Amino acid sequence: MKVKRWSALGVRISELARQAGTTPRALRYYEEQGLLRPARLASGYRHYEPQAVGTVRHIQLLLSAGLNTTAIAEILPCIPDDVTVLAPTCPELLDALAVERNRITTSIDRLAAARAVLDRLIQAGSGARDQP
DNA sequence: CTTCTGACA
DNA sequence: TGTCAGTA
């Protein structure tokens with residue numbers, strides 16, 4: 001069996017990006033934000049462990065949930081490397097998540113208010129459109 | 001050829 | 001986030 005025994009436990013940035021469905025640019029950004037801490041090869045290239053794929057997916061999920069990188073940096077360490085589905089590990093995590101939930105609720109309220117303004121504008125102008 | 005850092009839009 | 005430059 002001719003396996004690539006030298007990198008059997010890790011991949012370089014392009015590979016991880018491919019496996020996680022993202023770009024090398026994003027992975028470097030995550031690291032800059034303290035979300036990833038890849039090892040470095042003698043060449044200076046970043047070296048990611050196999051479980052990094054899961055970590056990146058967690059990051060993307062949290063990002064899509066509206067959390068900023070700072071919040072994710074605090075939450076990530078509460079998630080086991082091998083976990084498949086996101087599940088609370090630390091009790092403090094629940095409080096942090098509640099804070100984020102409130103942040104999202106506030107955003108929704110602001111957007112709803114903005115939509116209400118547009119609704120009024122649209123209704124006020126609907127008559128002028130028929131008889132220009 | 002791939003990646004790295006820094007930088008610009 | 002994409003992309004370019006100049007390297008290693």
Side-chain angles (χ1 to χ4, degrees):
Chain A
M1 43 158 38
K2 229 179 253 183
V3 298
K4 299 179 181 177
R5 71 310 186 189
W6 33 266
S7 68
L9 15 135
V11 298
R12 297 208 296 334
I13 199 165
S14 285
E15 248 306 296
L16 178 62
R18 188 186 66 69
Q19 291 177 27
T22 185
T23 65
R25 178 75 171 78
L27 295 179
R28 295 193 186 98
Y29 176 67
Y30 294 162
E31 178 180 358
E32 193 177 85
Q33 298 302 299
L35 274 31
L36 293 175
R37 318 213 87 87
R40 292 291 181 141
L41 262 21
S43 58
Y45 290 3
R46 273 165 261 248
H47 191 244
Y48 300 88
E49 297 295 286
Q51 28 104 336
V53 179
T55 303
V56 172
R57 291 195 171 127
H58 291 153
I59 292 173
Q60 299 177 317
L61 178 65
L62 264 11
L63 242 24
S64 68
L67 306 210
N68 56 44
T69 57
T70 303
I72 297 176
E74 301 176 333
I75 292 173
L76 224 46
C78 286
I79 301 172
D81 302 333
D82 60 310
V83 76
T84 302
V85 292
L86 244 34
T89 302
C90 327
E92 325 83 83
L93 180 57
L94 296 178
D95 296 310
L97 293 178
V99 170
E100 294 307 321
R101 212 203 89 99
N102 289 334
R103 209 187 299 296
I104 290 174
T105 298
T106 299
S107 293
I108 291 174
D109 291 345
R110 290 202 178 107
L111 288 172
R115 183 179 57 186
V117 170
L118 294 185
D119 284 343
R120 289 197 295 101
L121 255 27
I122 290 172
Q123 188 164 48
S126 63
R129 183 182 52 195
D130 306 320
Q131 286 92 38

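By convention in this document, chain letters (A, B, ...) are assigned in the order of the sequence lines, proteins followed by strands, and residues within each chain are numbered from 1. Note that the structure is a prediction, hence the values are computed from the model and not measured.
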Length of the CG-P vector between A:L41 and B:dT3, whole Å:
11 Å
Criterion side chain to side chain contact (heavy atoms under 4.5 Å, CB included) on A:V11 and A:V53, from CA distance to verdict:
CA-CA 10 Å; A:V11 298; A:V53 179; over 6 Å; no
What nucleic acid atoms does A:S14 come within less than 4.0 Å of, heavy atoms only: base, sugar-phosphate, or nothing?
sugar-phosphate
Can you measure A:H47 atom NE2 to B:dC4 atom C1' for me and round it to whole angstrom units?
16 Å
A:R25 or A:G44: which one's nearest nucleotide on DNA chain B is closer to the 5' end?
A:G44
By nearest heavy atom, map A:Y29 and A:Y45 onto DNA chain C; which one lands nearer the 5' end?
A:Y29
A:V56 and A:A20 have their tightest heavy-atom pair at CG1-CB, 3.6 Å
What is the distance, rounded to the nearest whole Å, between atom CG of A:L36 and atom C1' of B:dC4?
16 Å
Is there a side-chain polar atom (N or O) of A:R46 under 4.0 Å from OP1 or OP2 of B:dC4?
yes
Taking only N and O in the side chain of A:R28, is any of them less than 4.0 Å away from OP1 or OP2 of C:dT3?
no
Which heavy-atom pair separates A:L41 from A:R46 by the least distance, and what is that distance?
CD2-O, 4.5 Å
Evaluate the criterion side chain to side chain contact (heavy atoms under 4.5 Å, CB included) for residue pair A:L36 and A:Y48; output intermediate values, then yes/no.
CA-CA 9 Å; A:L36 293 175; A:Y48 300 88; 4.2 Å; yes
Using a 3.5 Å limit on both pairing distances, list the dot-bracket string of DNA chain C from the 5' end; Watson-Crick and G-U wobble pairs count, crossing pairs take [ ], interstrand pairs take |.
||||||.|
Is it true that A:E31 and A:R28 have a side-chain N and a carboxylate O under 4.0 angstrom from each other?
no
Could you tell me the separation between the CD atom of A:Q33 and the P atom of C:dT1, rounded to a whole number of Å?
11 Å
Think A:R12 has a side-chain N or O under 4.0 angstrom from the OP1 or OP2 of B:dT2?
no
Using whole Å, what does the distance between atom P of nucleotide B:dT3 and atom CG of A:L27 come to?
11 Å
Looking at A:R12 and A:E15, is there a salt bridge between them, counting it only when a charged N and a carboxylate O are closer than 4.0 Å?
no
Please determine whether a side-chain nitrogen or oxygen atom of A:S43 lies at a distance below 4.0 Å from atom OP1 or OP2 of B:dT2.
no
Determine, stepwise, if the pair A:Y30 / A:I72 fulfils side chain to side chain contact (heavy atoms under 4.5 Å, CB included).
CA-CA 10 Å; A:Y30 294 162; A:I72 297 176; over 6 Å; no
